[in-house]
Amino acid sequence: MKSFNARFYGNPRVYLGLAWLALVAVVAIFAGVFAPRDPFAIVGQPFLPPGSEGFLLGTDSLGRNVLAGLIHGARTTLMIAVLSTVAAVAFGTVLGALAGYYGGIVDDILMRLTEFFQTIPWFLFAIVLVAILSPSAMNLVIAIAVVSWPPIARVVRAEVMAVKAREFVQAAVVAGQRDMGILFGQILPNTLSPLIVTGSLMVATAILIESALSFLGLGAPGQMSWGFQIGAGRSFLRDAWWLVTVPGIVILLTVLAINLIGEGLNDALNPRLADL
Amino acid sequence: MKSFLLTAAGLALATALSVGGALAQTQGGTLVQITQPEPPNLAPYVSTSGPIAQVTSKVFDGLLEYNFDLEPQPSLAESWEVSADGLTITFNLRDDVVFHDGTPLTSEDVRFTIMDVLREAHPRGIATFRNVIAVETPDRHTAIFRLDAPAPYLMMALNSAESPILPAHIYAEGDIRAHGNANEPIGSGPFVFTEWRRGEFVRLDRNDNYWRDGQPYLDRIVVRFIADASTRTAVLEQGEAHVAGFGAVPYQDVRRLEALDTIEVTTRGYEMISPIVEMIFNTQEPPFDNQMVRQAVNYAIDRQFVIDNVWFGYGVPASGPISSNFEPSGLFGRGIDFSVPDRIDIANRLLDEAGFPRGADGIRFEITHDVTPYGEEWQRFGEITVQNLAEIGIRATLRYEDLPTWLARTYTDYDFQLTSNFLFNQADPVIGVHRGIHSDRILPGTVFVNGSRWSSPETDALMDAATVATNAATRQQAYQALVPLVTEASPVAYVLELRYPTVHSTQFADVITSPIGIYGNYAFAHQR
């Protein structure tokens with residue numbers, strides 16, 4: 001059987017995904033270097049088309065540089081997506097692990113709670129949360145995390161229940177390890193592969209939620225993001241196509257890249273699935 | 001190509017026909033108006049929600065109408081007389097007016113409408129008719145208003161949109177606030193209410209017994225409700241709808257529609273509405289308790305940039321709290337011109353003098369700027385303001401909340417520093433301007449009043465004088481003195497006078513014939 005590395009890096013689609021994501025990440029990290037000015041700064045005539053002098057991707061309805069917006073938007077969008085995913089994964093993992101390990105009444109309570117959150121249409125729920133908490137970067141992270149954790153909890157619970165019955169766990173119990181030691185030391189490390197796959201795909205979903213909220217005007221005010229650019233440009237679709245098209249393509253490519261990587265991880269971590 | 005030829009032939013034929021019939025106005029036709037959003041009810045006598053009267057002004061009549069110079073014109077009242085002391089106003093009513101149910105209009109209907117309905121239950125009427133202590137009805141066609149103090153602005157509030165005259169025999173029965181006819185209005189206007197299909201349209205048909213002989217010319221008005229902005233534009237573009245105003249069509253789309261031969265755009269028809277885009281300072285808390293800081297912000301705003309790029313040219317810089325629409329009537333004043341070329345230098349100097357030097361990072365202080373939650377134009381306006389303030393060393397963070405939260409923040413809790421705002425001057429400064437700056441309108445919990453909580457005895461006295469003066473010259477002098485004082489104190493930055501565009505099809509003429517535009521009754525509208 002081939003090693004993880006061979007399976008993961010031997011997949012050309014993973015390369016494409018990693019290349020694009022690395023580009024976005026570098027741009028996000030060094031946004032201030034690539035575009036030193038405030039992306040909201042009014043720097044030129046409004047509605048300059050792409051390719052205009054000094055504005056590779058044109059300007060928006062107020063004369064703001066679209067490229068500078070994309071660069072700074074990468075930072076906002078990635079930061080919110082990654083933070084909210086980390087929060088959702090952490091919370092979902094703890095809940096799912098406890099439910100799966102203890103079973104019984106604990107499982108019932110935690111899973112009914114999870115189902116309660118799952119029954120609320122997640123996007124409407126996110127809108128309501130942001131509207132109540134008032135839009136800000138922190139509250140976007142909270143809202144996206146709150147609507148994203150239930151699938152994680154269910155995945156982790158199922159894995160924990162499966163691993164719990166294995167002999168090495170019983171050996172740990174016999175050896176007198178404490179519950180928490182067994183759960184976090186023995187069981188969870190063996191549930192990581194589905195968790196990594198679900199989590200990586202969740203980053204893509206988080207980008208889409210953040211963009212959709214920003215599109216609706218519920219994004220973090222004063223922070224440039226791709227969704228904001230589309231939302232601000234949508235009224236001008238017939239007059240200035242690039243305002244929605246360019247950030248739209250960037251969102252598409254980024255979400256696609258994350259999905260490619262996620263699938264690559266899945267194939268590499270679950271070799272039996274990959275061979276099917 | 002074939003359809004183009006057919007259209008061209010049809011146009012030629014239509015042109016030939018209309019030239020032939022040019023002497024008499026064409027009878028017939030259905031005018032489709034777009035109103036946005038759909039009104040919550042059709043009871044303009046208890047609710048001032050904007051869209052309502054766009055429908056009901058065609059169904060009801062007022063005592064008066066107004067021309068573009070804001071002069072009263074006869075309507076239900078053939079003639080009128082205001083006594084020298086301003087305490088008695090006599091209206092002589094037409095004797096040939098019948099309501100849509102066939103009952104003739106009498107002075108009792110006027111008394112009932114003013115005293116029992118508008119003065120009691122109309123949100124603005126409570127203030128407008130406050131001084132009216134009785135309406136006497138010596139005969140069927142004379143109504144005499146008795147006032148305990150003069151109210152010259154009252155004569156500006158008597159059109160069908162603001163003060164519709166109701167048939168007493170119908171509306172006097174039951175509770176006026178929850179009346180059975182609230183969604184099926186019965187009036188004496190040129191069009192009869194026929195049907196309201198929720199979410200789609202209201203249909204109004206020609207009133208064959210209208211008191212103006214031969215009018216209205218149209219057979220029918222259909223008021224359509226279309227939630228999606230781009231659909232509204234498309235429907236107008238294709239000629240399926242014929243008139244829309246009040247921002248129903250996005251501003252950038254208006255520019256495109258304007259280029260079409262089939263569409264005309266006018267900014268007339270808002271002279272009695274006079275919307276003003278402004279920013280309110282919280283004058284009771286630092287840093288905006290300092291007049292120099294408020295003036296500096298006033299100078300920092302690039303008014304022309306906002307007009308050109310947010311409202312796509314549909315506006316002019318405001319010169320104070322009173323719209324220049326009042327210039328012909330003289331109830332107008334010009335304040336400090338904040339749009340001077342060296343405005344940024346002046347603003348920086350004012351802030352230096354006010355004791356807010358720039359820090360090492362170039363920042364003098366930080367504020368939160370609230371944005372009026374009325375849609376994306378307002379967000380763009382907020383983003384420009386942040387940039388403008390950055391030029392003078394103020395770092396502003398935007399806050400965008402829902403309408404109830406924003407209203408409570410601005411008018412109840414006063415928990416804001418600087419917020420954009422949108423107020424209408426209405427038909428008279430007493431009605432639309434005083435509320436924003438008079439000390440008696442600092443009313444926690446009441447919206448769209450004096451949110452800055454600034455006032456001064458001097459400006460209060462000028463407004464009080466203008467409220468009761470029966471002499472036009474006295475009122476003019478009061479406002480000329482008032483406006484410079486207000487702009488100097490700058491409790492509010494008056495940014496621009498919005499000139500709403502009304503889009504209408506060239507197929508119809510004489511649609512916008514009064515200073516209330518699409519709030520007019522369309523009695524004169526006809527096909528070309």
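Letters A, B, ... are given to chains in the order of the sequence lines, protein chains preceding strands, and every chain is numbered from 1.
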> Which pair of heavy atoms, one from Pro135(A) and one from Tyr400(B), lies closest together, and at what distance?
Replying inline: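 Heavy atoms only, the tightest pair is CD-O, 3.3 Å.
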>> On a heavy-atom basis, which atom in Gln379(B) and which in Gly217(A) lie closest, and how many Å separate them?
In response: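 Here Gln379(B) and Gly217(A) meet closest at NE2-O, 3.8 Å.
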Counting only heavy atoms from other residues, nucleotides and ligands, does the tally under 6.0 Å from [atom1] of [X] exceed 12?
X	atom1	result
Gln238(B)	CD	yes
Arg234(A)	CZ	yes
Phe422(B)	CZ	yes
Asp228(B)	CG	yes
Arg37(A)	CZ	no
Gln45(A)	CD	no

> Looking at Ile384(B), Val386(B), Asp402(B), Asp253(B), which one has more heavy-atom pairs under 4.5 Å with chain A than the rest?
Replying inline: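 Answer, by heavy-atom pair count under 4.5 Å with chain A: Ile384(B).
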Distance in Å, [X] [atom1] paired with [Y] [atom2], rounded so as to fall on 0.5 Å steps:
X	Y	atom1	atom2	answer
Ile42(A)	Asn388(B)	CD1	CG	6.5 Å
Phe312(B)	Ser61(A)	CZ	OG	6.0 Å
Gln252(B)	Leu237(A)	CD	CG	11.0 Å
Arg64(A)	Asn309(B)	CZ	CG	10.5 Å
Arg399(B)	Ser136(A)	CZ	OG	11.5 Å
Glu376(B)	Ser235(A)	CD	OG	3.0 Å

> When you measure from the side chain of Glu383(B) to the backbone N and O of Phe40(A), does any donor-acceptor pair fall under 3.5 Å?
Replying inline: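 Such a contact is absent between Glu383(B) side chain and Phe40(A) backbone.
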>> Between Asp38(A) and Gln387(B), is there a side-chain heavy-atom distance shorter than 4.5 Å?
In response: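 The answer is yes; the side chains approach within 4.5 Å.
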> Given a strict heavy-atom distance threshold of 4.5 Å, which part of Arg256(B) is in contact with chain A: side chain, backbone, both, or neither?
Replying inline: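 For Arg256(B), side-chain heavy atoms alone lie under 4.5 Å from chain A.
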> What part of Ala232(A) is in contact with chain B, defined as an atom under 4.5 angstrom from a non-hydrogen atom: side chain, backbone, both or neither?
Replying inline: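 Interface part for Ala232(A): both.
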